[in-house]
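Here's the structure, in structure tokens; my notes come after.
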Amino acid sequence: MATDTLKSTSSADSATGGLRRLLLDNGALTALIVLVIAMSALSGDFLTTDNLLNVGVQAAVTAILAFGVTFVIVSAGIDLSVGSVAALSATVLAWSATSHGVPVLIAVLLAVVTGIAAGLVNGFLIAYGKLPPFIATLAMLSVARGLSLVISEGSPIAFPDSVSHLGDTMGGWLPVPVLVMVVMGLLAAFVLGRTYIGRSMYAIGGNEEAARLSGLRVKKQKLAIYALSGVFAAVAGVVLAARLSSAQPQAADGYELDAIAAVVIGGASLAGGTGKASGTLIGALILAVLRNGLNLLNVSAFWQQVVIGVVIALAVLLDTLRRKAGATPVAGASQGGKGRQAATYGLAAVVTVAIVGATSFLHNGSSSTANPKVGLSLSTLNNPFFVQIRSGAQAEAKKLGVDLTVTDAQNDASQQANQLQNFTSSNLGAIIVNPVDSDAASNSVKAADQAKIPVIAVDRGVNKASVDALVASDNVVGGELAAKSIGEKLGGKGKIVILQGQAGTSAARERAEGFAQGLKAYPGIQVVAQQPADFDRTKGLDVMSNLLQAHPDVQGVIAANDEMALGAIKALGSKAGTSVSVVGFDGTPDGLNAVKDGTLYASVAQQPSQLGKIAVDNALKALEGKKVEETIKVPVKVVTKENVAGFTG
């Protein structure tokens, strides 16, 4: 009797331990299944063919970058440069093919060679220069991004049509980026599991000194490993640029962190020696499902960052638990192990389909809200101007009974493309877009047009695509007014500096054009310096502080937004409003307060709350089939101390 009880207990313990081991060995897969089930239960828009394809497209660039980073992490290295290398490779392709007439095939090869060259430099600095991988690749991050800006002169370059098809679909349903992701994933799996260099990666990551003593040429292998990472970064850059129809000099900014996160979430250890391509793919899909689902659930972009950070921390914790529990390493597997792995994936697919099918009944027959649904994609919410657009839009939506979903693209054209895709597949009645870049938003707007969803552009237009209406102030006219204000204040003579906006954005280009045109009327005004400060107050402070060292006698400052102007005022100290006149742009609350105080001479105010309000009004009209004007201009106004009291914004 006691023996039977002991056997029963042992069997139960064995089963529990087996389940625990299964979950530990396949933690990323388990997390992906749980996420898919949860999102399917929480959002009726998640489990649709279009949206699932969106998830695949949105995972593609991160996954391709991450496959290359997998090689590096398996060998106990790190590569922080892949995002910048991706942008540089795409810029080289577009620049050579569009600006210099190089045949497209050769231009593509040049892009790949660019990625290889960047990887080889990384590998040389690490293997022969003895630099830590973190430092070497951090340096390349800066160099590659700088070269991308130099080559493009800070502006997007149109992509050749023959290459832009990489952002299209095959057969009208299969997105090409997904196909490229699968091909690159299979290539990564082959390299890791079937080649000499793949085995070398695991050996170096497991114990570099032992690998060297066993006769492995570690230095040459590291050159090859980082070169491979560069190749995958180049391919990712081309795919990303094809989606956006243009090579953006600021594209893939921060993507290196997503790539590293995908690799770690997928089960690789930062200590090296473990990792596999399938795990990396699962990690990239987890990030894409999270972002897609949180967009559909209208979760703030700020909270999305918190959630993703928590997921990364949990993934590292799981890796620690797995190693402590002695879970099966993911460096390689025997034939039997591969068979069990395939069976596990198959079982996971069956379980996921069954549970997701069951949860879909939660949404069947549920009545949709009577309120019209509108999506608003803003270029950023880190700037008070766009926060005011959101406030105006939300107030008007509440007044009109509109369900408004607001997303933050964080000045990333690719992320905005993902958000617009999500809007298109979520049965929204209308879309309002404030483009990060006017060219990059075109493909997403075309997709919305094909789905018969009205699109309203706000503050910035969309090129090469049709929108129902553009609600905007004229940035060029505003720039001319700013130049006129500083010219009149200085009496037509004096030295000034110009703080430019973020390179590559349409607002920065248009306002700079307005400054230049307006200053033509004042030949006695000398522009002694022009430097970008990225629409950021802290950078405005730093850049202005530096410029004052070279030009202490400056008498005026024009800033492309109030945030940079406020940073310049801080750098000027007591000179602001006395010996140096500063003109800003946007008419933000902080800017208007500075105008009242006299430290900011003037701000070219765009009335952002009105922009948001009018955009929602016109989105509702278009949704109801009413006629809307193609262009609705909200007048800009120069606000000075004399008229600031009566300005409401």
Side-chain angles (χ1 to χ4, degrees), residues 43-46 48-51 54 292 294-301 363 366-379 381 386 388-409 416-436 438 441-473 607-634:
S43 173
D45 297 319
F46 179 81
T48 64
T49 301
D50 286 344
N51 190 61
N54 284 348
N292 176 269
L294 293 173
N295 279 166
L296 296 180
L297 296 172
N298 196 18
V299 175
S300 163
H363 305 289
S366 60
S367 59
S368 59
T369 176
N371 293 339
K373 295 182 179 180
V374 175
L376 168 59
S377 175
L378 289 167
S379 57
L381 283 173
F386 298 105
Q388 285 184 280
I389 290 181
R390 179 187 64 179
S391 298
Q394 288 176 329
E396 189 69 5
K398 184 177 181 180
K399 175 183 173 183
L400 299 175
V402 173
D403 287 342
L404 183 68
T405 300
V406 181
T407 60
D408 173 12
Q416 185 165 64
N418 295 341
Q419 293 166 356
L420 294 175
Q421 276 188 329
N422 295 340
F423 284 164
T424 301
S425 63
S426 299
N427 300 317
L428 292 180
I431 295 172
I432 303 171
V433 58
N434 162 236
V436 172
S438 299
S442 61
N443 283 345
S444 301
V445 172
K446 288 177 183 176
D449 289 340
Q450 291 174 358
K452 308 298 182 185
I453 298 176
V455 179
I456 307 297
V458 62
D459 186 50
R460 304 166 185 165
V462 179
N463 297 336
K464 303 177 185 176
S466 175
V467 296
D468 291 73
L470 168 63
V471 181
S473 305
Q607 307 183 77
S609 296
Q610 286 296 310
L611 289 173
K613 173 184 179 298
I614 295 171
V616 170
D617 288 340
N618 283 271
L620 186 58
K621 285 181 182 178
L623 191 158
E624 294 172 345
K626 298 177 181 177
K627 183 176 178 59
V628 295
E629 297 180 30
E630 290 186 6
T631 303
I632 300 102
K633 287 290 185 182
V634 178

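Owing to the predicted nature of the structure, the values given are computational and were not obtained by experimental measurement.
Salt bridge annotation for Lys621-Asp617: absent, with no cationic side-chain nitrogen under 4.0 angstrom from a carboxylate oxygen.
Looking at Asn434, its side chain does come within 3.5 Å of a backbone N or O of Ser379 through a donor-acceptor pair. Remark: the backbone N or O of Pro435 is paired with a side-chain donor or acceptor of Arg460 at under 3.5 angstrom. With Thr407 contributing its side chain and Gln419 its backbone, the two residues share no donor-acceptor pair below 3.5 Å. In this structure, Gln416 contributes its side chain and Val436 its backbone to a donor-acceptor pair below 3.5 Å.
Nearest heavy atoms, Ile431 versus Phe423: CD1-CB, 3.7 Å. Annotation for Ala451 and Thr424: closest pair CB-CG2, 3.9 Å, computed over non-hydrogen atoms. Across all non-hydrogen atoms, the minimal contact from Leu611 to Ala472 is CD2-CA, 3.8 Å. Of all heavy-atom pairs spanning Pro454 and Asp468, the tightest one is CA-OD1, 3.4 Å.
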(request) Show your working on side chain to side chain contact (heavy atoms under 4.5 Å, CB included) between Val455 and Val433 and close with a plain yes or no. (result) CA-CA 7 Å; Val455 179; Val433 58; 3.9 Å; yes
(message) Test side chain to side chain contact (heavy atoms under 4.5 Å, CB included) on Asn618 and Ile632; report intermediate values, then the result.
(response) CA-CA 9 Å; Asn618 283 271; Ile632 300 102; 3.7 Å; yes
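Take Asn422 and apply the side-chain hydrogen bond (donor to acceptor under 3.5 Å, both in side chains) test, not counting sequence neighbours, and it matches Gln58, Asn292, Asn295. Remark: Glu629 pairs with no residue by the salt bridge (charged side-chain N to carboxylate O under 4.0 Å, His left out) rule, at least two apart or across chains. Residues satisfying the side-chain contact (heavy atoms from CB on, under 4.5 Å) test with Ala397, not counting sequence neighbours, are Val402, Leu404, Val616.
With 3.5 Å as the limit, one finds no donor-acceptor pair spanning the side chains of Ser438 and Asn463.
Taken from OG in Ser425 to CZ in Phe46, the straight-line distance is 10.5 Å, to the nearest 0.5 Å. The OG atom of Ser426 sits 4.0 Å away from atom CG of Leu296, with the distance rounded to the nearest 0.5 Å.
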